[in-house]
Participant: 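I'd like to ask some things about the structure below.
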Amino acid sequence: MIPLSPTRRVGGLVVVSGQIGRAAGALAGPGVREQTEQALHNLATALATEGLTLADVVKTTVFLTDMRDYQQFNDAYRRFFTAPFPARSVVAVVRLPVEGACVEIEALATAATHPAAP
C-alpha cells in the first residue's frame with residue numbers, strides 16, 4: 001500500500017494527489033498528449049468521489065519529464081478546462097514514479113458550494 005490519500009478534504013478545499021496517464025494498469029500511450037488526457041480523466045474521477053468536477057479546480061501543478069512536450073501537453077490540457085482557467089505551475093522533473101510516465105497532474109479544488117460526499 002502506498003502511504004497517500006487520493007483526495008483530502010480540508011474545509012472547503014479538496015486536494016487531489018498527482019494523477020498520471022494510466023488506466024487499467026497501463027500507460028495510455030508513450031506520448032504526452034495521450035498521457036495528459038488520461039491523467040485528466042483520472043483527475044476528474046478522483047474529484048467525482050468528492051462530488052466535484054474539473055470546473056471546481058482552482059490550481060494545478062504539473063510535472064513534465066521533458067519541457068519540449070509543453071506545447072503538446074498544453075494542447076491536451078486546454079480541452080479539459082474553460083475560462084476562468086485554474087492557476088497552474090509546470091515543473092520539469094527528471095523522472096516520475098511510474099516507468100515511462102511523462103506527465104503527472106495534481107490539483108486543488110474548491111468544495112465551498114458543494115456538500116461533503118457521503
Side-chain angles (χ1 to χ4, degrees):
M1 174 156 81
I2 299 173
L4 65 81
S5 296
T7 63
R8 283 289 307 267
R9 186 180 286 259
V10 181
L13 297 176
V14 173
V15 181
V16 181
S17 292
Q19 303 294 310
I20 59 168
R22 180 168 61 182
L27 290 172
V32 72
R33 186 179 310 266
E34 301 94 343
Q35 288 188 30
T36 298
E37 290 172 357
Q38 186 61 53
L40 290 168
H41 284 297
N42 295 346
L43 179 62
T45 298
L47 287 165
T49 68
E50 295 287 342
L52 303 175
T53 70
L54 290 174
D56 298 306
V57 173
V58 295
K59 168 75 167 78
T60 60
T61 303
V62 178
F63 305 94
L64 290 176
T65 59
D66 189 338
M67 278 299 180
R68 291 174 292 196
D69 290 336
Y70 181 78
Q71 189 58 52
Q72 286 185 14
F73 154 77
N74 215 36
D75 291 343
Y77 182 93
R78 81 172 37 133
R79 293 187 21 238
F80 287 79
F81 293 102
T82 58
F85 298 103
R88 185 177 83 188
S89 300
V90 179
V91 180
V93 296
V94 173
R95 74 178 62 85
L96 293 166
V98 172
E99 186 67 35
C102 55
V103 62
E104 181 173 345
I105 305 169
E106 63 183 31
L108 180 63
T110 180
T113 61
H114 300 278

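What you see is a predicted model, and the numbers here were worked out from it, not measured in a lab. All values below come from the heavy atoms of this structure, side chains included, with hydrogens, waters and symmetry mates left out.
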Participant: Taking all heavy atoms of Phe63 and all of Val93, pick out the closest pair and write down the distance.
Facilitator: CD2-CG1, 3.9 Å
Participant: Once you round to the nearest 0.5 Å, how far does CD of Gln19 lie from CD1 of Ile105?
Facilitator: 9.0 Å
Participant: So, the side chain of Arg8 versus the backbone of Val14: is there a donor-acceptor pair under 3.5 Å, distance only?
Facilitator: no
Participant: Enumerate the residue pairs fulfilling side-chain hydrogen bond (donor to acceptor under 3.5 Å, both in side chains) with a member in residues 86-103, sequence neighbours excluded, ordered by first and then second residue.
Facilitator: Lys59-Ser89, Tyr70-Arg88, Asn74-Arg88
Participant: Can you name the closest pair of heavy atoms from Leu96 and Ala101 and give their distance?
Facilitator: CD1-O, 3.7 Å
Participant: For Leu64 versus Val32, what's the shortest heavy-atom pair and its separation?
Facilitator: CD2-CG2, 3.9 Å
Participant: Give the minimum heavy-atom separation between Glu106 and Val16, together with the two atoms involved.
Facilitator: CB-O, 3.5 Å
Participant: Which atoms form the tightest heavy-atom contact between Glu50 and Arg9, and what is the distance?
Facilitator: O-NH2, 2.7 Å
Participant: Is any side-chain heavy atom of Val94 closer than 4.5 Å to a side-chain heavy atom of Thr65?
Facilitator: no
Participant: Without swapping roles, check the side chain of Gln35 against the backbone of Cys102 for a donor-acceptor pair under 3.5 Å.
Facilitator: yes
Participant: Is there a side chain to side chain contact (heavy atoms under 4.5 Å, CB included) between Thr7 and Thr49? Walk through the geometry before answering.
Facilitator: CA-CA 8 Å; Thr7 63; Thr49 68; 4.2 Å; yes
Participant: Quick one: NE2 on His41 to OG1 on Thr36, what's the gap to the nearest 0.5 Å?
Facilitator: 11.0 Å
Participant: Check the pair Glu37 / Tyr77 against side chain to side chain contact (heavy atoms under 4.5 Å, CB included), numbers first and verdict last.
Facilitator: CA-CA 7 Å; Glu37 290 172 357; Tyr77 182 93; over 6 Å; no
Participant: Are Leu108 and Leu54 connected in the hydrophobic side-chain network, where two residues link if heavy atoms are under 4.5 Å apart?
Facilitator: no
Participant: Closer than 3.5 angstrom, by distance alone: can the side chain of Asn42 be matched with the main-chain N or O of Gly21 as a donor-acceptor pair?
Facilitator: no
Participant: How close do Ala109 and Leu47 get, counting heavy atoms only, and between which atoms?
Facilitator: CB-CD2, 3.7 Å
Participant: Leu43 and Phe85: same hydrophobic cluster, using ILVMFWY side-chain contacts below 4.5 Å?
Facilitator: yes
Participant: Treat each ILVMFWY residue as a node, draw an edge where side-chain heavy atoms are under 4.5 Å apart, and state whether Met67 and Val103 are in one component.
Facilitator: yes
Participant: If we only count heavy atoms from C-beta on, is the Val58 to Pro86 side-chain gap below 4.5 Å?
Facilitator: no
Participant: Run Val62 and Glu104 through side chain to side chain contact (heavy atoms under 4.5 Å, CB included) and show every step you take.
Facilitator: CA-CA 6 Å; Val62 178; Glu104 181 173 345; over 6 Å; no
Participant: Kindly indicate whether the side chain of Arg79, heavy atoms from C-beta on, has any atom under 4.5 Å from the side chain of Leu40.
Facilitator: no
Participant: Check whether Val90 and Phe81 end up in the same hydrophobic cluster, where Ile, Leu, Val, Met, Phe, Trp and Tyr are linked by side-chain heavy atoms less than 4.5 Å apart.
Facilitator: yes
Participant: So, the side chain of Ser17 versus the backbone of Ser5: is there a donor-acceptor pair under 3.5 Å, distance only?
Facilitator: yes
